[in-house]
Engineer: 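Please read through the structure below; I'll follow up with questions.
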There are 2 protein chains.
Amino acid sequence: MLHPLHFVISERLRDRILSGTYQPGDQIPSEHQVMAEFEVSRITARRAIANLAQQGLVTVQRGKGAFVATQQKVVYSLSSPLLSEAEMARQGVEVTVENLQYESVTMPAEVQKILGGAIAYLQKKILLFNGIPSCVDVTYVQPDLGKVYARELRRALTFSVLEKHGISIQKVDAVIECTQADYETSEQLEVPLGHPLIVNRHTAYSQERGAIVHGESISRGDRFCYSVRIERGGSRE
Amino acid sequence: MLHPLHFVISERLRDRILSGTYQPGDQIPSEHQVMAEFEVSRITARRAIANLAQQGLVTVQRGKGAFVATQQKVVYSLSSPLLSEAEMARQGVEVTVENLQYESVTMPAEVQKILGGAIAYLQKKILLFNGIPSCVDVTYVQPDLGKVYARELRRALTFSVLEKHGISIQKVDAVIECTQADYETSEQLEVPLGHPLIVNRHTAYSQERGAIVHGESISRGDRFCYSVRIERGGSRE
DNA sequence: TAGTGGTCTAGACCACGGT
DNA sequence: CCGTGGTCTAGACCACTAG
């Protein structure tokens with residue numbers, strides 16, 4: 001047997017999706033129908049459909065069925081305008097912030113090296129885009145800033161608040177990576193365990209103060225992406 | 001039942017991994033052992049272990065067992081030095097290129113809009129890092145460049161070749177996103193179906209010629225990440 | 001040969017969604 | 001109510017890895 005049965009079946013279904021036999025939003029055959037059409041047991045039929053879900057081609061809904069995915073990714077621009085309400089509004093996305101945690105803590109050792117000192121404000125929030133939980137943001141903020149702007153930071157995007165008060169971000173170091181949802185994140189973003197996530201681990205610096213913010217933003221990988229424009233001055237580093 | 005059995009078990013095993021009971025590289029209990037310890041059927045034990053694999057916590061090897069993952073990600077710098085052999089060497093990574101396809105083709109409509117014209121050289125290659133297939137690169141190159149440097153482009157990184165010949169990249173637009181492996185990619189990168197991938201869809205511009213290269217680099221999401229440094233001139237766009 | 005994971009079957013019960 | 005997907009069982013055969 002060259003390929004397992006469940007795989008052969010999922011490829012057949014995949015072809016129908018890509019060729020448009022099943023349009024985005026359409027329901028694909030139920031487990032029962034797959035069992036009948038390909039003459040396999042339910043476990044094999046389930047497995048075939050699970051393969052499609054794992055490739056992000058369909059989303060399954062208990063009690064209803066499996067439906068062809070239909071998605072347009074929202075773009076985070078990493079260049080000039082850092083993630084802001086205005087930038088998201090331009091893409092037709094309304095941002096609301098749900099605060100999970102906001103308190104003064106002693107930072108883990110890695111973060112102490114970056115921000116300096118031992119104490120910082122730790123904020124955890126969930127960003128809802130058009131009401132949909134889309135991003136988990138965990139950020140450490142320098143203690144003086146975290147204290148002064150506490151009320152606003154709880155309710156809005158970190159960089160928007162800082163820039164509004166004249167604290168301009170001069171440089172940002174960012175690492176973009178992808179991971180898979182663990183239990184906590186899968187609950188927060190309402191995705192299955194292991195769902196692909198796109199993570200932006202960032203440190204922001206201001207001219208006068210040095211590193212002022214360090215944190216990570218975790219978003220659904222199937223709905224978001226980052227764009228960057230790199231201009232080269234002709235010089236080589 | 002608050003949580004399914006397979007989930008409860010995978011969380012128990014997960015705790016042991018995170019707490020260090022099972023060290024990176026260690027073998028975790030076999031399906032048979034999980035069946036005995038938690039008194040469940042094999043399918044449930046398998047499912048529990050599959051949950052861990054899906055979170056990237058373990059890798060399973062047929063005939064051997066499941067082992068705690070141990071990974072350090074390689075960093076692609078998106079800033080000044082574009083992906084180059086020299087930059088990778090600095091991280092202790094030796095790059096070799098396996099050419100899959102190199103030929104003159106008519107571009108799909110979206111790509112025609114970017115590069116202009118109708119014809120380009122299409123190159124597909126697999127990049128091996130220290131001998132491990134790590135990145136699938138699909139790139140369209142302006143026809144005159146693709147023709148002149150054909151031999152070299154087959155065997156080295158695109159940007160290295162161009163810069164070596166004095167064609168300097170002046171600007172790059174990039175979008176970083178994550179996807180899940182389909183069958184073709186899973187074969188090429190030797191990962192399971194649905195494995196998380198990190199994709200860099202990029203367009204490079206030279207001063208004189210405008211857009212000269214457009215393509216995407218698809219890498220294993222568990223082994224690679226992108227870093228960017230954003231400097232702001234103080235101006236607002 | 002013994003142990004491991006990979007695939008598959010038949011059959012059961014539960015929970016959710018719409019009629 | 002029926003159809004959907006979610007979980008679970010017991011048992012079978014195959015393929016790979018090791019000693």
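The figures here come from the full heavy-atom set of this structure, side chains too, leaving out hydrogens, waters and symmetry mates.
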Engineer: A:Tyr149: what forms a side-chain hydrogen bond (donor to acceptor under 3.5 Å, both in side chains) with it, not counting sequence neighbours?
Structural biologist: none
Engineer: Using five base pairs at each end to define the local axes, how bent is the helix from C:dT1-D:dA18 to C:dG18-D:dC1, to the nearest 10°?
Structural biologist: 10°
Engineer: Does a side-chain N or O of A:His32 approach OP1 or OP2 of D:dT4 to a distance below 4.0 Å, or not?
Structural biologist: no
Engineer: Could you state the atom-to-atom distance from CD of B:Glu31 to P of D:dA12 in whole Å?
Structural biologist: 17 Å
Engineer: Verify whether one side chain among B:Asp137 and B:Ser217 offers a donor that lies under 3.5 Å from an acceptor in the other.
Structural biologist: yes
Engineer: Does the pair B:Arg16/B:Glu37 count as a salt bridge with the N-to-O cut at 4.0 Å?
Structural biologist: yes
Engineer: In whole angstrom, what separates B:Arg47's CZ from C:dC8's C1'?
Structural biologist: 17 Å
Engineer: Mind running a 4.0 Å heavy-atom check of residues 9-18 of chain B against DNA chain D and sending the residues that fall below it, in number order?
Structural biologist: none
Engineer: Could you tell me whether B:Glu103 atom CD has more than 12 heavy atoms of other residues or ligands within 6.0 Å of it?
Structural biologist: yes
Engineer: How many whole angstroms separate atom NE2 of B:His3 from atom P of D:dG6?
Structural biologist: 17 Å
Engineer: For nucleotides 9-11 of chain D, print each protein N/O atom paired with a nucleotide N/O atom at under 3.5 Å, atom names and distance only.
Structural biologist:
{"residue": "D:dT9", "atom": "OP2", "partner": "B:Ser41", "partner atom": "N", "Å": "2.9"}
{"residue": "D:dT9", "atom": "OP2", "partner": "B:Ser41", "partner atom": "OG", "Å": "2.5"}
{"residue": "D:dT9", "atom": "OP2", "partner": "B:Thr44", "partner atom": "OG1", "Å": "2.4"}

Engineer: Do you see a donor-acceptor pair shorter than 3.5 Å between the side chains of B:Thr44 and B:His6?
Structural biologist: no
Engineer: When rounded to the nearest 0.5 angstrom, what distance separates CG in A:Asn200 from OH in B:Tyr226?
Structural biologist: 15.0 Å
Engineer: Is the ring centre of B:Tyr140 less than 6.0 Å from the ring centre of B:Tyr121?
Structural biologist: no
Engineer: Taking only N/O atoms, report every protein-nucleotides 16-19 of chain C pair under 3.5 Å with atom names and distance.
Structural biologist:
{"residue": "C:dC16", "atom": "O4'", "partner": "A:Arg62", "partner atom": "NE", "Å": "3.3"}

Engineer: Expressed in angstrom and rounded to an integer, what is the separation of B:Leu193 atom CG from C:dT7 atom P?
Structural biologist: 11 Å
Engineer: Is it the case that B:Gln112 and B:Glu110 place a side-chain donor and acceptor less than 3.5 Å from each other?
Structural biologist: no
Engineer: Starting the side chain at C-beta, find the nucleotide from D:dG6, D:dT7, C:dT4 nearest to B:His6.
Structural biologist: D:dT7
Engineer: Take atom CZ of A:Phe67 and atom C1' of D:dG3, then tell me their distance rounded to the nearest Å.
Structural biologist: 12 Å
Engineer: Only counting residues at least two apart or in another chain, list the ones meeting side-chain hydrogen bond (donor to acceptor under 3.5 Å, both in side chains) with A:Glu94.
Structural biologist: none
Engineer: Atom CE of B:Met35 and atom P of C:dG3: how far apart are they, to the nearest Å?
Structural biologist: 14 Å
Engineer: A:Ser219 and A:Tyr76: side-chain donor and acceptor closer than 3.5 Å?
Structural biologist: yes
Engineer: Salt bridge check: are A:Glu98 and A:Lys125 linked by an N-O gap of less than 4.0 Å?
Structural biologist: no
Engineer: Just how far, in rounded Å, is P of D:dT7 from CZ of B:Arg46?
Structural biologist: 16 Å
Engineer: Please confirm whether the ring centroid of A:Phe129 lies under 6.0 Å from the ring centroid of A:Phe224.
Structural biologist: yes
Engineer: Considering only NZ, NE, NH1 and NH2 on the basic side and carboxylate oxygens on the acidic side, decide whether B:Asp173 and B:Arg201 come within less than 4.0 Å.
Structural biologist: no
Engineer: Between A:Tyr183 and B:Phe7, is the ring centroid distance below 6.0 Å?
Structural biologist: yes
Engineer: If I take atom CD in residue B:Gln33 and atom C1' in nucleotide C:dG3, what distance separates them, rounded to the nearest angstrom?
Structural biologist: 10 Å
